[in-house]
Amino acid sequence: MKQQKRRMKEETPLRLFKNPVMESLTLLSFGVFTVVWGVILLVALIFAWRMSVSVKMMGLYWLAGFVAWFPFEYLMHRFLFHFQSRSAFVQSMIFLIHGNHHEQPNHPLRNLMPLSVSLPLALLIWGGCIWSMGDGIGGAVAVGFLCGYVAYDTVHYSCHQFPMRLPLLRKIKIHHINHHYRQTDANYAITAVFLDKVCHTECDRS
């Protein structure tokens with residue numbers, strides 16, 4: 001197992017762009033992810049705390065944003081990442097977004113959403129929440145949602161790179177690995193795995 005992981009880390013990532021700069025923007029290490037998102041979440045939490053009328057209200061709106069992430073994650077993975085189209089252009093876009101991950105699922109530099117995608121989306125979500133709900137409520141909801149995203153990407157990376165031996169974590173890992181190696185049109189949830197049961201998209205047990 002250790003030799004297999006070492007070989008995977010040394011393997012060249014599946015190339016998506018001929019341009020080396022564009023290609024570099026599709027890769028992300030877990031260390032860089034942790035530092036960048038750690039700073040972003042800390043700054044966002046401080047802003048939300050300063051703008052909120054009370055810590056209790058901030059916590060409630062943070063929780064609302066955090067919980068909202070999980071159905072979003074399921075719907076995004078099911079209907080966007082696995083969107084079926086006859087258009088060659090759309091197929092190529094889906095491959096860039098997610099299909100390449102199924103071609104090379106365990107490469108550590110392709111298990112996280114690239115910063116070139118996640119940071120603009122985070123800014124858009126943050127701005128939309130502030131604009132529609134105000135600094136206090138919007139800031140708390142946005143940072144809760146972004147905490148949900150970071151939890152999702154951390155769990156996703158762990159499913160491919162770490163043993164995850166604790167019972168709950170092991171269940172999550174098996175759930176996602178079955179999506180890759182047993183049935184790609186099932187087990188869309190990565191963190192809130194019960195959503196597949198609710199939505200009748202669990203991997204066949206046969």
Side-chain angles (χ1 to χ4, degrees), residues 1-44 69-70 72-74 76-83 89-126 145-166 169-170 172-185 187-193:
M1 181 61 74
K2 289 184 179 179
Q3 289 181 344
Q4 183 181 5
K5 285 196 170 183
R6 191 181 300 116
R7 187 169 60 251
M8 182 58 68
K9 288 180 180 180
E10 293 171 354
E11 182 181 332
T12 303
L14 186 69
R15 196 169 184 88
L16 301 180
F17 293 99
K18 292 182 179 179
N19 184 291
V21 175
M22 292 289 289
E23 181 67 12
S24 69
L25 294 176
T26 70
L27 305 171
L28 180 62
S29 70
F30 189 67
V32 173
F33 169 85
T34 302
V35 172
V36 170
W37 278 102
V39 171
I40 290 172
L41 292 183
L42 178 61
V43 171
W69 164 263
F70 299 101
F72 175 83
E73 168 201 311
Y74 173 87
M76 175 181 65
H77 190 189
R78 180 178 178 180
F79 295 108
L80 175 60
F81 289 179
H82 287 271
F83 180 68
F89 174 77
V90 173
Q91 288 178 9
S92 65
M93 290 299 100
I94 297 300
F95 184 82
L96 284 175
I97 293 170
H98 188 65
N100 70 87
H101 173 55
H102 277 267
E103 288 289 322
Q104 195 178 36
N106 295 315
H107 199 287
L109 296 180
R110 285 267 167 74
N111 287 159
L112 299 159
M113 187 179 293
L115 295 177
S116 57
V117 177
S118 62
L119 294 185
L121 288 176
L123 186 60
L124 185 64
I125 290 164
W126 178 269
F145 190 83
L146 294 178
C147 282
Y149 156 69
V150 171
Y152 146 79
D153 236 356
T154 301
V155 168
H156 181 247
Y157 182 90
S158 300
C159 284
H160 289 282
Q161 301 301 327
F162 301 132
M164 300 178 75
R165 292 190 176 93
L166 293 175
L169 296 180
R170 186 68 180 169
I172 291 172
K173 179 183 176 77
I174 291 171
H175 185 88
H176 183 59
I177 295 305
N178 281 340
H179 168 74
H180 277 279
Y181 295 105
R182 284 188 61 189
Q183 194 174 349
T184 57
D185 61 347
N187 285 18
Y188 296 107
I190 293 166
T191 48
V193 296

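With values rounded to the nearest 0.5 angstrom, Phe30 atom CZ is found 13.0 Å from Leu109 atom CG. Between the OH atom of Tyr152 and the CG atom of Leu146 there is a distance of 14.0 Å, given to the nearest 0.5 Å. Interatomic distance, Asn100 CG to His107 NE2, rounded to the nearest 0.5 Å: 11.5 Å. Distance check, rounded to the nearest 0.5 Å: SG of Cys159 to NE2 of His179 gives 11.0 Å. In this structure, CD1 on Ile172 lies 10.5 Å from CG on Leu166, to the nearest 0.5 angstrom. Note that OG of Ser92 and CG of Leu16 are 11.0 Å apart. Values are rounded to the nearest 0.5 Å.
Applying the side-chain hydrogen bond (donor to acceptor under 3.5 Å, both in side chains) rule to Tyr149 yields the partners Asp153; only residues at least two apart in sequence or on another chain are considered. Listed by chain and number, the residues in a ring-ring contact (aromatic ring centres under 6.0 Å, His included) with His101 are His98, His156, His160, His180 (sequence neighbours excluded). Here Trp69 pairs with Glu73 under the side-chain hydrogen bond (donor to acceptor under 3.5 Å, both in side chains) rule; sequence neighbours left out. Scanning for side chain to side chain contact (heavy atoms under 4.5 Å, CB included) contacts around Phe83 gives Ser85, Val90, Ile94, with sequence neighbours left out. Residues that satisfy the side-chain hydrogen bond (donor to acceptor under 3.5 Å, both in side chains) test with Ser158, not counting sequence neighbours, are absent from this structure. For Gln183, the side-chain hydrogen bond (donor to acceptor under 3.5 Å, both in side chains) criterion is met by Asp185, not counting sequence neighbours.
Within the structure, every pair that satisfies the salt bridge (charged side-chain N to carboxylate O under 4.0 Å, His left out) test and touches residues 94-112, not counting sequence neighbours, is listed here: Glu23-Arg110.
Heavy-atom neighbours of Arg165 CZ from other residues, nucleotides or ligands within 6.0 Å: at or below the threshold of 12. No more than 12 heavy-atom neighbours from other residues, nucleotides or ligands sit within 6.0 angstrom of CE on Met22.
For the pair Thr12 and Gln104, the tightest heavy-atom approach, listed with the atom from each and the gap, is O-NE2, 3.2 Å. Smallest separation of non-hydrogen atoms from Asn187 and His175: ND2-O, 2.7 Å. Here the closest heavy-atom approach between residue Met164 and residue Lys173 is recorded as SD-CB, 3.9 Å. Of all heavy-atom pairs spanning Leu14 and Phe95, the tightest one is CD2-CZ, 3.7 Å.
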Give the table of side-chain donor-acceptor pairs shorter than 3.5 Å for residues 115-123, with sequence neighbours excluded, one pair per line with atom names and distance.
| residue | atom | partner | partner atom | Å |
| --- | --- | --- | --- | --- |
| Ser116 | OG | Leu25 | O | 2.8 |
| Ser118 | OG | Pro114 | O | 3.3 |

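Leu28 places none of its side-chain heavy atoms less than 4.5 Å from the side chain of Met113. Put simply, the side chain of Trp126 does not reach to within 4.5 Å of the side chain of Phe145, judged on heavy atoms. Side-chain contact check for Arg15 versus Pro20: some heavy-atom pair is nearer than 4.5 Å. The closest side-chain heavy-atom distance from Leu96 to Phe17 is below 4.5 Å.
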With ring-ring contact (aromatic ring centres under 6.0 Å, His included) as the criterion, how do Tyr157 and Phe33 come out once you've worked through the C-alpha distance, each side chain's angles and the decisive distance to 0.1 Å? CA-CA 11 Å; Tyr157 182 90; Phe33 169 85; 8.1 Å; no

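For His77 (side chain) and Tyr188 (main-chain N/O), a donor-acceptor pair under 3.5 Å exists by modelled atom type.
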